[in-house]
Structure formats: structure tokens, C-alpha cells
Amino acid sequence: MKTVSRFSALAAVLLAGTVSACTTIRELPTEPADLELSAEQTEEREYSRKLLEAFLKNDASGFISMLSPEMKEEFGKDKFELSRKVITETLGEPVSFSYVTALEHIAITPYIWKVRFVLKNKEDKEYYSEALFRVLAGHDTKGEVVIVGFNFL
């Protein structure tokens, strides 16, 4: 009899806790679909694609030629080779890439790309990893596409 009453008391406590613990959850707003790109942004995205392709193909002159004049002064062939060496030693050789999205911003548009790398060990075992590559692009006063920044995330 004591076992039944203890069980009843425990059940009553658990049920009372369940009832009193109810809360109302407001629904979160739905996420908007990826924004449609304007003609200017489509041009910028393709330009950012060419920049990434030049990096992946180890084309220093092609890469640097696409940068803004200020970026060209700061990021020369030596910096290109050093940064590519660091990336490939850390992540491996790039094997593929895909466009992810463009982020909304007032003055420039960040374009995000996913890059896949393969790294081989001494036994030729392959290890894959991915990184995001961000390209900051916009248009100058002449209406030309200009790259003002880039980096792996």
C-alpha cells in the first residue's frame, strides 16, 4: 500500500511539474530567400569567380590584375605566392569550388564561395577539407568592377 501511495505521489509531482512548466513559444520569422542579384552584382560575382579561379590555378599575374589599384600596391606577386603556399600547406590543393551567396551590404557586396581542398599524407591517403572564400566587390566611379578585398574564412 505504501508503494502505491508513493508512486501516486511521485506521479502527481511529475504531472504537476509538467503542467506548470508549459510555455508559449513564439514563431520565429521565416528566413528570406537569397536575394536576386542585379545586373551589376551578376557582373561582380563573375569577376569574383575569375579572381578565385586565378588563385586556384596559381595564376599570380591574372589574380593581381583583377585587384583595385590600392590592392595591387599592397598585394604583389610575392604576397600572392606566400599566401597560396600557406593555404595549400594547411588545407591542401584546391580541387573544386562553388558559389554560396552574396551578402547584403550598402557600398560593396561580399561574395562567398566554398572551396574544397585535398591534402595527401606520406602514404598518399587523401583528406578533404573546405573553406569559405570571401571576395569584396563593387563598382568604381567609372562603372568598372573593382575588388577591394578578399580572404579565406
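In this chain, numbering begins with 1 at the start of the sequence shown.
- A side chain to side chain donor-acceptor pair (under 3.5 Å) check over residues 79-96, counting only residues at least two apart or in different chains, returns nothing.
- Interatomic distance, Glu74 CD to Lys72 NZ, rounded to the nearest 0.5 Å: 14.0 Å.
- In this structure, CE on Met66 lies 10.0 Å from CG on Leu52, to the nearest 0.5 angstrom.
- The two atoms that bring Ile64 and Gly76 nearest to each other are CD1-C, 3.4 Å, heavy atoms only.
- Here the side chains of His105 and Pro110 are in contact, with some heavy-atom distance below 4.5 Å.
- Side-chain atoms of Ile87 and Phe152, non-hydrogen and from C-beta on, do get closer than 4.5 Å to each other.
- Considering only residues two or more places apart in sequence or on other chains, Tyr128 meets the side chain to side chain donor-acceptor pair (under 3.5 Å) condition with Glu126.
- For the pair Val100 and Tyr111, the minimum side-chain heavy-atom distance is 4.5 Å or more.
- Residue pairs meeting the side chain to side chain donor-acceptor pair (under 3.5 Å) criterion with at least one partner in residues 133-147, sequence neighbours excluded, are Glu43-His139, Glu44-His139, Arg134-Asn151.
- Under the 4.5 Å side-chain contact rule for hydrophobic residues, Leu119 and Phe117 do not share a cluster.
- To the nearest 0.5 angstrom, Leu103 atom CG is 4.5 Å from Ile112 atom CD1.
- Remark: Asn58 pairs with no residue by the side chain to side chain donor-acceptor pair (under 3.5 Å) rule, at least two apart or across chains.
- Under the salt bridge (Lys or Arg N to Asp or Glu O under 4.0 Å) criterion, Glu53 pairs with Arg49, sequence neighbours left out.
- Nearest heavy-atom pair, Ala54 versus Gly62, reported as atom, atom and distance to 0.1 Å: CB-C, 4.1 Å.
- Contact check for Met71 versus Ile147: no side-chain heavy atoms found under the 4.5 Å cut-off.
- Between the OG1 atom of Thr101 and the CZ atom of Arg45 there is a distance of 10.0 Å, given to the nearest 0.5 Å.
- Membership of the apolar cluster around Leu136 extends to Ile108, Val146, Val148, as traced through chained side-chain contacts below 4.5 Å between ILVMFWY residues.
- Listed by chain and residue number, Glu130 satisfy the salt bridge (Lys or Arg N to Asp or Glu O under 4.0 Å) test with Lys114 (two or more places apart in sequence, or in another chain).
- For residues 69-98, the pairs satisfying ring pair (Phe, Tyr, Trp, His ring centres under 6.0 Å) are Phe55-Phe80, Phe63-Phe75, Phe63-Phe80, Phe75-Phe150, Phe97-Trp113, with sequence neighbours left out.
- Residue Val115 is grouped with residue Tyr99 when hydrophobic side chains (ILVMFWY) are merged at heavy-atom distances under 4.5 angstrom, including chains of intermediate members.
- Residues passing the side chain to side chain contact (heavy atoms under 4.5 Å, CB included) test with Asn121 are Glu123, Lys125, Tyr127, sequence neighbours excluded.
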